[in-house]
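These notes are about the structure you will find just below.
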2 protein chains.
Amino acid sequence: MAKRNQRLSRDVIVDCAMALADAEGLEAVTIRRLAQENGVTPMAMYWHFNDKEALLDALAAHLVEAVKLPPPSEAPWDAQLRDVLEAIAVALRPHPTVAGMAARQVLVADAGLELTERVLALLAEAGLEPHRAAEVATFLFCSVVALVAGDPGQREVVTPEDLEGRLRLKTATLTALPPTRFPHLIAAAPGLVSCFGQDDFFDLNLDLLVQGVRGIR
Amino acid sequence: MAKRNQRLSRDVIVDCAMALADAEGLEAVTIRRLAQENGVTPMAMYWHFNDKEALLDALAAHLVEAVKLPPPSEAPWDAQLRDVLEAIAVALRPHPTVAGMAARQVLVADAGLELTERVLALLAEAGLEPHRAAEVATFLFCSVVALVAGDPGQREVVTPEDLEGRLRLKTATLTALPPTRFPHLIAAAPGLVSCFGQDDFFDLNLDLLVQGVRGIR
DNA sequence: GCGCCAACTGTACGACGTACATCGGCCGCT
DNA sequence: AGCGGCCGATGTACGTCGTACAGTTGGCGC
């Protein structure tokens with residue numbers, strides 16, 4: 001972990017930071033920690049990045065660039081939009097703690113511009129004029145980010161068994177609520193506490209977004 | 001700013017923190033700063049809150065409790081759902097920098113439970129079974145939060161004229177892109193950079209969400 | 001072999017969260 | 001009126017963070 005096998009570079013720092021964020025959460029991504037992981041002085045980071053914010057921007061840009069945009073096709077716009085949104089979700093899901101910062105790079109990173117252009121084209125095909133398409137596209141991206149990063153319980157990374165206990169506890173407190181005041185909440189409790197990270201959660205809500213675009217045309 | 005006119009309490013601290021976050025951004029909300037604003041030692045905060053995270057949780061809970069839930073009515077479920085989502089957005093909009101933390105209190109704060117119950121009831125009325133309703137309700141809340149907090153450019157608070165300059169610059173860089181590769185993006189540039197905080201941005205995308213729920217029934 | 005410059009080191013500073021021990025003033029009691 | 005208890009605030013200290021500024025190296029072109 002603390003060895004120098006190659007020269008430092010923006011890329012190895014970003015990769016290291018991403019791994020660190022995935023393993024121990026975003027708050028573990030520290031200038032000093034990154035330096036230590038690479039067997040280097042903290043100040044060495046400042047040769048490659050102006051400051052920590054620039055480093056985090058690079059992390060976010062890396063995520064945006066990880067989106068594998070599906071090739072344009074003859075399929076109807078809604079099917080294509082669905083595929084694009086899913087591609088974004090697929091790229092973000094492995095890094096939920098970093099995903100929250102992706103939105104601020106979507107109009108900066110090259111890949112983000114391409115992605116935005118693609119979504120705008122599909123929305124135009126759907127019949128939205130440019131101004132509304134812009135608003136919808138912005139919101140769609142933020143929503144997909146929220147879909148991945150929004151887990152309120154997962155602010156820090158936890159071990160699987162610890163997580164299970166926490167879920168059990170949360171479910172218990174919810175089902176212990178007064179049944180006359182919160183009937184639906186109690187019925188939905190298991191889904192409420194465990195839906196994040198589930199495949200059908202993503203599928204259902206990506207559908208919701210696409211159907212929403214259909215609805216507002 | 002630095003005077004003691006009353007005994008400290010959780011409420012005055014939370015109010016102070018909220019004002020601070022609105023004026024100077026979340027990162028200005030500091031134990032030491034809050035103490036200073038109240039003419040008190042930093043350690044005095046720890047009598048009222050276990051740690052900083054508890055303080056931020058209280059901030060988030062305060063936001064959730066600020067939601068003025070519209071009274072149940074005879075209106076169709078989609079109109080009511082639209083009103084509830086709008087009520088959430090209205091409560092969050094004055095505090096965009098804090099809004100991002102609201103999601104993690106929605107199943108903790110009393111008002112959040114009531115709000116969730118209400119949304120779940122409306123989704124049941126729409127015909128969703130409990131499990132899917134849970135997933136949709138969770139996502140809807142996160143989405144509204146993203147709608148308010150998601151502004152990528154507004155991570156720190158800026159003065160109006162500074163903001164305008166920034167928007168102008170962003171628009172310029174976007175419209176300067178190669179027109180053959182990014183036609184839609186260039187056409188939509190003004191909307192992309194300035195849509196956050198606009199009323200019609202909220203209206204349109206809240207409609208999108210409600211229509212999305214209609215679409216997935 | 002020499003010099004240069006990109007890449008890295010060393011030291012230091014101020015701000016942060018907060019553990020731990022202490023203290024003062026207001027309360028109801030006698 | 002005196003007094004003890006305890007709520008709410010204090011004072012000091014520690015470790016960690018980002019990072020300014022100046023100094024140092026190693027390898028490459030000449």
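Each chain gets a letter, A, B and so on, in the order its sequence line appears, and its residues count up from 1.
Rounded to an integer number of Å, the gap from A:R7 CZ to D:dT25 C1' is 10 Å. Here the P atom of nucleotide D:dG8 and the CH2 atom of B:W47 are 6 Å apart, to the nearest Å. Put simply, CZ on A:R10 is 12 Å from P on C:dA7, counting in whole angstrom units. Regarding A:M45, its CE atom lies at a distance of 19 Å from the P atom of C:dA6, rounded to whole Å. Remark: P of D:dG8 and CG of B:N38 are 15 Å apart, rounded to the nearest angstrom. As a whole-Å value, the separation of A:L55 CG from D:dT19 C1' is 13 Å.
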Protein-to-nucleotide contact annotation, 5' to 3' order, nucleotides 14-22 of chain C [B base; S sugar-phosphate only; - none; under 4.0 Å, heavy atom]: --BBBBB--
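The only member of A:L63, A:V148, A:V29, A:L56 that meets side-chain contact (heavy atoms from CB on, under 4.5 Å) when paired with A:V98 is A:L63. Among the candidates A:D203, A:L122, A:L209, the single residue satisfying the side-chain contact (heavy atoms from CB on, under 4.5 Å) test with A:R82 is A:D203.
When distances are taken from the side chain of B:H48 to each of C:dT9, D:dT10, D:dA9, the shortest belongs to D:dA9.
Dense packing is recorded around CG of B:D162, with more than 12 heavy atoms of other residues, nucleotides or ligands lying under 6.0 Å away.
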Criterion salt bridge (Lys or Arg N to Asp or Glu O under 4.0 Å) on A:K52 and A:D57, from CA distance to verdict: CA-CA 9 Å; A:K52 193 186 182 185; A:D57 284 347; over 6 Å; no
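Side-chain N or O atoms of B:K170 include one that pairs as donor or acceptor with a backbone N or O of A:L107 at under 3.5 Å. Within the 3.5 Å criterion, the main-chain N or O of A:H48 finds a donor-acceptor partner in the side chain of A:R10.
For the pair B:L174/B:I186, no side-chain contact is recorded, criterion being any heavy-atom separation below 4.5 Å from C-beta on.
For A:P94, the side-chain contact (heavy atoms from CB on, under 4.5 Å) criterion is met by no residue, not counting sequence neighbours.
Axis angle, first five pairs versus last five pairs of the helix from C:dG1-D:dC30 to C:dT30-D:dA1: 0°, rounded to 10°.
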